[in-house]
**Student:** 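Before I ask anything, let me first share the structure, which is written out below as structure tokens.
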Amino acid sequence: LRPEARAPGRHEAIHELDPDHKGRRTSRMRFVLARTLQSQHRVYPLFALLVPARSPLLVRQDTELVIEGAPRSANTFLLAAFELLNPNRRTAHHLHNPCQVLRAARFGVPCIVVVRDPMDAAASTLVWSADRRPREVVQDWLTFYERALPYADSFVVADFELATTAPGKVLAAANHRFGTCFATDHEPERHDPLVMESVERLGRDHDGEVYETRVARPSSSEYRHQQQRLAHQALDDEVPASLRRRADELYGTYLGLAAR
């Protein structure tokens, strides 16, 4: 057998349900490299600077706000809401790497860490990416939040529900913590449709299409709901109970820190 050969898992059936797009496929080497660099907070910024798609997202001394968290945790929604209320601000986001939180603390940059129930975030990640495996997704979730936690005095925590239903409250909490003056007057009836338009724009694939099974917003797609169910079953099957307990306990710690 080749070294990468492995027994098939339930998660491999997730994308068989998708009639339009077989998940976001990228090489395993990319994931191995990203996971290796995850813990190298001195090396990762140099790597990010060399990658054109990542360089603009990196925290710098002139960054005005950092929004970071594990994938599929309302990063995109909160960013879209912030940019709608506060246009032309320099933000750092979507690297999903704890080095962003460390750099924000080092430079004194306001930072919001978004957090979602680990199994829900992991299931959504498995639906989004055809190349991820259940155990590694949960381990990556743990790595991000464990490494960020020692810097909790330097960031505001936004849980998924508050970030997606009342982003203005999250920004108000940031203003209170950091002495900033970000606009916070989010009016759901007026602003949410515009935020969703922005989320779709940010979520367009390389071919310019928006896929219901992957876009970072609620969806009525039956395929997406079926994929989510399969993803949760794969997590139940393939993630050890000890790892799930660690994630759940850490999630509880973050909820205790979350803005209200």
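Count residues from 1 along the sequence.
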**Student:** Under the side-chain hydrogen bond (donor to acceptor under 3.5 Å, both in side chains) criterion, do Ser55 and Arg60 qualify, and how do the steps go?
**Tutor:** CA-CA 10 Å; Ser55 181; Arg60 293 175 169 80; 3.1 Å; yes
**Student:** Any idea which heavy atoms bring Gln139 and Leu243 closest together, and the distance?
**Tutor:**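 Heavy atoms of Gln139 and Leu243 come nearest at OE1-CD1, 3.5 Å.
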**Student:** Regarding Thr76 and His93, do their side chains bring together a donor and an acceptor under 3.5 Å, going by distance alone?
**Tutor:**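 No, no side-chain donor-acceptor pair sits under 3.5 Å.
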**Student:** Look up atom CG in Leu235 and atom CZ in Arg133, then write down how far apart they are to the nearest 0.5 Å.
**Tutor:**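 If I round to the nearest 0.5 Å, the distance is 14.5 Å.
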**Student:** In this structure, would Tyr251 and Phe160 fall into the same cluster of hydrophobic residues linked by side-chain contacts under 4.5 Å?
**Tutor:**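 Each belongs to a different hydrophobic cluster.
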**Student:** Take atom CD of Glu161 as the centre, draw a 6.0 Å sphere, and report whether it contains more than 12 heavy atoms from other residues, nucleotides or ligands.
**Tutor:**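 Count not over threshold, so no.
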**Student:** Grab the two heavy atoms, one from Arg72 and one from Ala121, that are nearest each other, plus how far apart they are.
**Tutor:**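 That would be CB-O, 4.0 Å.
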**Student:** Surrounding CZ of Arg106 (heavy atoms of other residues, nucleotides or ligands, distance under 6.0 Å), is the total greater than 12?
**Tutor:**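 Open: at most 12 neighbouring heavy atoms sit under 6.0 Å from CZ of Arg106.
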**Student:** What distance separates Thr125 OG1 from Arg116 CZ, expressed to the nearest 0.5 Å?
**Tutor:**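 If I round to the nearest 0.5 Å, the distance is 8.0 Å.
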**Student:** Looking at Glu249 and Arg245, does any basic side-chain N land under 4.0 Å from a carboxylate oxygen?
**Tutor:**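 Arg245 and Glu249: not salt-bridged.
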**Student:** Roughly how far, to the nearest 0.5 Å, is CZ of Phe155 from CZ of Arg177?
**Tutor:**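 Here the rounded value is 8.5 Å.
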**Student:** Give me the atom names and distance for the closest heavy-atom approach of Phe178 to Pro110.
**Tutor:**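 Where Phe178 meets Pro110 most closely, the heavy atoms are CD1-CB, 3.6 Å.
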**Student:** Can you tell me how far the NE2 atom of His94 sits from the CG atom of Leu58, to the nearest 0.5 Å?
**Tutor:**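 Rounded to the nearest 0.5 Å, the NE2-CG separation comes out at 15.0 Å.
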**Student:** Does the pair Leu79 and Glu83 meet the rule for a side-chain contact (heavy atoms from CB on, under 4.5 Å), with working shown?
**Tutor:** CA-CA 6 Å; Leu79 174 68; Glu83 291 183 338; 3.6 Å; yes
**Student:** If you take all heavy atoms of Pro167 and Phe77, which pair is closest and at what distance?
**Tutor:**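 Closest approach of Pro167 to Phe77, heavy atoms only: CG-CE2, 4.2 Å.
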**Student:** If I take atom CG from residue Leu171 and atom CG from residue Leu65, how far apart are they, to the nearest 0.5 angstrom?
**Tutor:**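 It is 7.5 Å, given to the nearest 0.5 Å.
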**Student:** Closest heavy-atom contact between Glu64 and Val109?
**Tutor:**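 Residues Glu64 and Val109, closest heavy atoms: C-CG1, 4.2 Å.
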**Student:** Would Phe82 and Ile112 count as a side-chain contact (heavy atoms from CB on, under 4.5 Å) if you check the C-alpha gap in whole Å, the side-chain angles of each, and the deciding distance to 0.1 Å?
**Tutor:** CA-CA 11 Å; Phe82 174 79; Ile112 298 172; over 6 Å; no
**Student:** Apply side-chain contact (heavy atoms from CB on, under 4.5 Å) to residues Leu255 and Asp159 and explain how you reach the verdict.
**Tutor:** CA-CA 7 Å; Leu255 286 184; Asp159 72 87; 3.8 Å; yes
**Student:** Please determine if Arg135 and Glu238 form a salt bridge, counting it only when a charged side-chain N lies under 4.0 Å from a carboxylate O.
**Tutor:**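 No, Arg135 and Glu238 are not salt-bridged.
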**Student:** Please give me the minimum heavy-atom distance between Ala152 and Leu257, naming the atom from each residue.
**Tutor:**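 For Ala152 and Leu257, the tightest heavy-atom pair comes out as CB-CD1, 4.0 Å.
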**Student:** Which distance, rounded to the nearest 0.5 Å, do you find between the CD1 of Ile67 and the OG of Ser73?
**Tutor:**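 The CD1 atom of Ile67 sits 13.0 Å away from the OG atom of Ser73.
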**Student:** Are Val195 and His186 packed together at the side-chain level, in the sense that at least one heavy-atom pair is separated by less than 4.5 angstrom?
**Tutor:**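 Side chain of Val195 against side chain of His186, heavy atoms only: contact under 4.5 Å found.
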**Student:** Within a reach of under 6.0 Å around CG of Asp153, are more than 12 heavy atoms found that belong to other residues, nucleotides or ligands?
**Tutor:**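 Counting other residues, nucleotides and ligands, CG of Asp153 stays at 12 neighbours or fewer.
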